[in-house]
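Notes to accompany the following structure.
Start at 1 and go down the list; that is how both ligands and their atoms are numbered.
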Amino acid sequence: MKFFIDTANLDQIKEAQELGVLDGVTTNPSLMAKEGITGKDNILKHYVDICNIVDGDVSAEVVATDFDNMVKEGEELAELHEQIVVKVPMIKDGVKALKYFSDKGIRTNCTLVFSPGQALLAAKAGATYVSPFLGRLDDISTDGLNLISEIRLIYDNYGFETQILAASIRHTMHVIDCAKIGADVMTGPLSSIDGLLKHPLTDIGLAKFLEDYKKGNS
Ligand code: E4P
């Protein structure tokens, strides 16, 4: 399972990279705005800064919603750095753009996916990654994890190579549940990765080991 961090915050990206388990980064226009990154030039520079911190894939989202401009923006993003994956929304022109990029060998991440049918279309169009937003489904009392399971079943039925990137992860249990289902990738906040570390018995056990060591060596 690949671990991506879902942020445009460089300090958090560095922290996750230093832990040694980071496989990539996802961003979106809201995450960029949250970090105060505005204006096309600053946004493009920020993507390159992120690529220079991590070893893996970095999703950069197009903001155009028509085919011609999505293609123009996506090609510009892809040329920024070899680690860039062009993030395209699940709309009709987005599906056309996914197919166009796939035919040109440009890697893509189909975003804002909320149903198995949308995920099927993204795979048919040759998306590299599909991003079902499980937390946002949970927010409206719909089972987000069930969507991940349905997509896993459909992709396995036909051997689609599109990787399931479980997105909108909110907490550590989402990560564990997605791993059980077989999501290829998860993207979440740093806290969802850090949470995997924690167990009180680990802390109690370590304190006891260190105490006994001190007793025997003083
Ligand atoms: C995915 O690529 C999105 O950036 C993201 O996971 C959205 O998560 P949110 O629902 O927490 O905003």
TODO: Please step through side chain to side chain contact (heavy atoms under 4.5 Å, CB included) for the pair Val62 and Lys72, ending with a clear verdict.
DONE: CA-CA 9 Å; Val62 299; Lys72 200 171 146 211; over 6 Å; no

TODO: For Asn28 and Glu61, run side-chain hydrogen bond (donor to acceptor under 3.5 Å, both in side chains): C-alpha distance rounded to whole Å, both residues' side-chain angles, the deciding distance at 0.1 Å, then the answer.
DONE: CA-CA 6 Å; Asn28 62 43; Glu61 188 157 341; 5.4 Å; no

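The Arg170 neighbourhood of ligand 1 comprises atoms 9 (P), 10 (O), 11 (O), with distances under 4.0 Å to a heavy atom of that residue. Residue-ligand proximity, Arg136 to ligand 1, at heavy-atom distances under 4.0 Å covers atoms 7 (C), 9 (P), 10 (O), 12 (O). Of all atoms in ligand 1, listed by their number and element, those nearer than 4.0 Å to a heavy atom of Asp6 are 1 (C), 2 (O), 3 (C), 4 (O), 5 (C), 6 (O), 7 (C), 8 (O). Within ligand 1, the atoms closer than 4.0 Å to a non-hydrogen atom of Thr26 are 2 (O), numbered from 1 in the order shown. In the vicinity of Ala167, heavy-atom distances shorter than 4.0 Å reach the ligand 1 atoms 1 (C), 6 (O).
Remark: of the listed residues Leu147, Leu145, Asn146, Ile148, Leu147 is the sole one forming a side-chain contact (heavy atoms from CB on, under 4.5 Å) with Leu137.
Across the listed options Glu61, Lys34, Lys87, Lys87 owns the non-hydrogen atom lying nearest to atom 2 (O) of ligand 1.
Under 3.5 Å, the side chains of Glu150 and Tyr155 contain no donor-acceptor pair of N or O atoms.
One N or O on the side chain of Glu73 and one on the backbone of Val63 form a donor-acceptor pair closer than 3.5 Å. Judged by distance alone, with hydrogens and angles left aside, the side-chain atoms of Asp23 form a donor-acceptor pair with the main-chain N or O of Phe3 at under 3.5 Å.
Using cut-offs of 30° and 60° for the angle between ring planes, the Phe160 and Tyr158 rings count as tilted.
Ligand 1 lies out of reach of Thr111, whose nearest heavy atom is not under 4.0 Å from it.
At the top of the distance list for atom 8 (O) of ligand 1, counting protein heavy atoms only, stands Ser168 CA, 3.4 Å. If you check which protein heavy atom lies closest to atom 4 (O) of ligand 1, you get Asn28 ND2, 2.7 Å.
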